[in-house]
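These notes concern the structure reproduced below.
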Protein chains: 2
Amino acid sequence: MRATIQDVARRAGVSIGTVSNALSGKRPVAVETRQRILAAMDELGYHPNLLARGLVNQRSHVLSIVIKELSDLGLYGYSSALTGIQREANELGYSIMLHFVNGSTEDEIINTLNQISARRADGIIWAIHEIDGNREWVRHTLTGNYPPIIFLHMHPDPALNVVTIDNQAGASLAVAHLIEQGCRTIGIITGPADWWESKARLAGWRQTLEQAGLDTDVSLVLEGNWLAESGKNCMETLLNQRPDIDAVFACNDSMALGAIHTACRRGLSIPDDLLLVGYDNTPEVASYWPPLTSVSQGLLQSGQIAVEQLHQIIEAGVNQPVAPRQHIIQPELVIRRSSICEKKA
Amino acid sequence: MRATIQDVARRAGVSIGTVSNALSGKRPVAVETRQRILAAMDELGYHPNLLARGLVNQRSHVLSIVIKELSDLGLYGYSSALTGIQREANELGYSIMLHFVNGSTEDEIINTLNQISARRADGIIWAIHEIDGNREWVRHTLTGNYPPIIFLHMHPDPALNVVTIDNQAGASLAVAHLIEQGCRTIGIITGPADWWESKARLAGWRQTLEQAGLDTDVSLVLEGNWLAESGKNCMETLLNQRPDIDAVFACNDSMALGAIHTACRRGLSIPDDLLLVGYDNTPEVASYWPPLTSVSQGLLQSGQIAVEQLHQIIEAGVNQPVAPRQHIIQPELVIRRSSICEKKA
DNA sequence: TTGTATGCGTTATCAA
DNA sequence: TTGATAACGCATACAA
């Protein structure tokens, strides 16, 4: 069996309370006594039982991260945000529990929330991407008796704590850059239409083009599913129905990869015949051929901020409620050869 | 405050023990009483405190997954394995706790193990890739008083429980295929030399070539770091020092992407001038240009098996020790255009 | 400065 | 079939 505080106390010839004080430091302990206790802990290989400690302290020092589905983890966004979360959580002394949700059915959501609650997590980072109808289940998180929740990468909402990225601005950055390169007819390959990110990026594309008085016809808009394969297909269709395009904005890098594939297959050269911009700025895009211009989101940062903010709320406690805050991160454009018009240069 | 079993008992007008029996079903409860209890639980929104339950049961139903570093999560291997783990864990009623280790210093390893132990996880999946000297710290996991451990993706060891993939066989598959396509001079871009995977894949390359009586000179071996950027550079060097090569085996898909980049830059056509095979078979390789032949590892499966096996050991309990088992998964080759020699066809 | 006793929310062992 | 009561391992208020 593993050593308990009892064992340590006996071994050191002191009372159980003194041992507790020795390692918490909340009450003074004679220096000589502490020595003996420390030695005893060492010899016994003692480590406090965090379940017991959590029980009495009403504080588990666990943060629950909820992400959507499993294979989605491969999506660059999740890994990056998780990395940021991990770093900050580690800094602040939290452990991380990972929860997965497949669909977004109400039952599943509630089950997950209940499980988190049952485990007495101190806080939740809700990183499920928002899709149509989700506003519905978000309400559940408010009515039940749950720990504080931060919504990651969602549409801002004054009633909620959200840390998110300005997707519309990111798309604008990309499109404005293409316009500046002299492009006039710019197609877009979006993510799934029901994702919030997709809508925001599409809106950025549309708004920027409209401001410049350029074409935003539906024939320029193709809906992909974030995967490279869909980028291939969308590009195919796009080139067929709009042979006049001179640039494409792919809403993530994988789909941009697919777009490159199709361009190659049809003997089109990027950037000579067509400019291309992606989204995410994954480490790989610099090795695409040609190197891909892309929008960097600051996902690492978003994860970190989410934990920071959650921590503040937790520390404040239930009696000292913190007003909901929106934290919106501005993305940046990283320019590479795929979007540099040679003719212009 | 959240409702406790006490509250439910009071509300239903029964004793606390009866409530416990009602939801565990371990002792019979009058059907009418159970109704009342269920109703009370519902009204109060009661969910058992899993910390308390874990404390008394000596069983947390938590599995700790240890992975190396943070940004590494982007590496396809981790996400896939984690997905497999998640699925099976969910099936068997475990929650997942994620632990990150940056370096592999002894201190860090021990700290992590102690934290896991302190949280009373039921089992550990050690998914830190094995690099030089790791055999050293692995011993720590054996001496201390820790929950059962499964080593994921490590060199098999009869004294340990390991679930892993036959990397040497995977590399052989790739190289044999290239030889069959008529290649005679086959270069390799490896991962970091101190990773077990790198060594195994290199060994597979060497052995297969030697069996065929082909060149395995060191000038054919370039060391990358798994990232696409390194693939670019290695390919550059390789082409310079061995202009006679007719194929390259890149030890993961990202580096293969970099290799394609360099080939393009130098005006070389794949597969016309040079055949190429990658490793991992990520979803994206079908959208590379050309589509990349790659080795599929069955990572999802490995994660799942690891959980299964861990579960068995946990269920068996300390008194009924299960003999260590090695589970070795065989990879498969997925052939695409990058490795199909047109001349031969 | 240290020891004792009580409670955190469960489960399990007794009696009733 | 049900109700008290003792653990589980720790923290803390109170007494010494």
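Protein chains get the first letters and strands the later ones, always in sequence-line order, with residue 1 at the start of each. Since the structure is predicted, the reported quantities are computational estimates derived from the model, not experimental observations.
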Q) Between the main-chain N or O of B:L38 and the side-chain N or O of B:Y46, is there a donor-acceptor pair closer than 3.5 Å? A) no
**Q.** Selection: residues 18-35 of chain A, any non-hydrogen atom under 4.0 Å of DNA chain C
**A.** A:T18, A:P28, A:V29, A:A30, A:T33
Q) Which nucleotide in the set D:dG3, D:dG9, D:dT12 lies at the smallest distance from any side-chain heavy atom of B:V14? A) D:dG3
Q: Without swapping roles, check the side chain of A:S80 against the backbone of A:L300 for a donor-acceptor pair under 3.5 Å.
A: no
(Q) Rounded to whole Å, please give me the gap between CZ in B:R10 and C1' in C:dG9. (A) 13 Å
(Q) From CZ of A:R53 over to C1' of C:dG9, roughly how many Å is that when rounded to an integer? (A) 18 Å
**Q.** Closest to side chain of B:S15, choosing from D:dG3, D:dC10, C:dC8
**A.** D:dG3
**Q.** Matching residue for A:N161 among A:R325, A:Q309, A:Q312 - test: side-chain hydrogen bond (donor to acceptor under 3.5 Å, both in side chains)
**A.** A:Q309
Q | Whole-Å distance separating the CG atom of B:L55 from the P atom of C:dT10 | A | 12 Å
(Q) From NE2 of A:H61 over to P of D:dC10, roughly how many Å is that when rounded to an integer? (A) 16 Å
Q: Scan B:Q86, B:H311, B:E88, B:H61 and name whichever one has a side-chain hydrogen bond (donor to acceptor under 3.5 Å, both in side chains) with B:Y94.
A: B:H311
Q: Starting from P on D:dA7, measure out to CD1 on A:I5 and report it in whole angstrom.
A: 18 Å
Q.
If the condition is side chain to side chain donor-acceptor pair (under 3.5 Å), which residues does A:D122 pass it with, not counting sequence neighbours?
A. A:R59, A:S60
Q: Give one of base, sugar-phosphate or nothing for B:L50, where a contact means two heavy atoms less than 4.0 Å apart.
A: nothing
Q) Would you say B:K68's side chain and B:F100's backbone share a donor-acceptor pair under 3.5 angstrom? A) no
Q. Taking atom P of C:dG9 as reference, at what distance in whole Å does atom CG of A:N49 sit?
A. 16 Å
(Q) Both A:I16 and B:R36 contact DNA chain D. Taking the nearest nucleotide for each, which residue is further toward the 5' end? (A) B:R36
Q | Ionic contact status for B:E32 with B:R36, cut-off 4.0 Å | A | yes
Q. Side chain of B:Q58: nearest nucleotide among C:dT11, D:dC8, C:dG7?
A. D:dC8
(Q) How many whole angstroms separate atom CG of B:L44 from atom P of C:dG9? (A) 13 Å
Q: Rounded off to whole Å, could you give me the CZ-to-P distance for the B:R120 and C:dG9 pair?
A: 20 Å
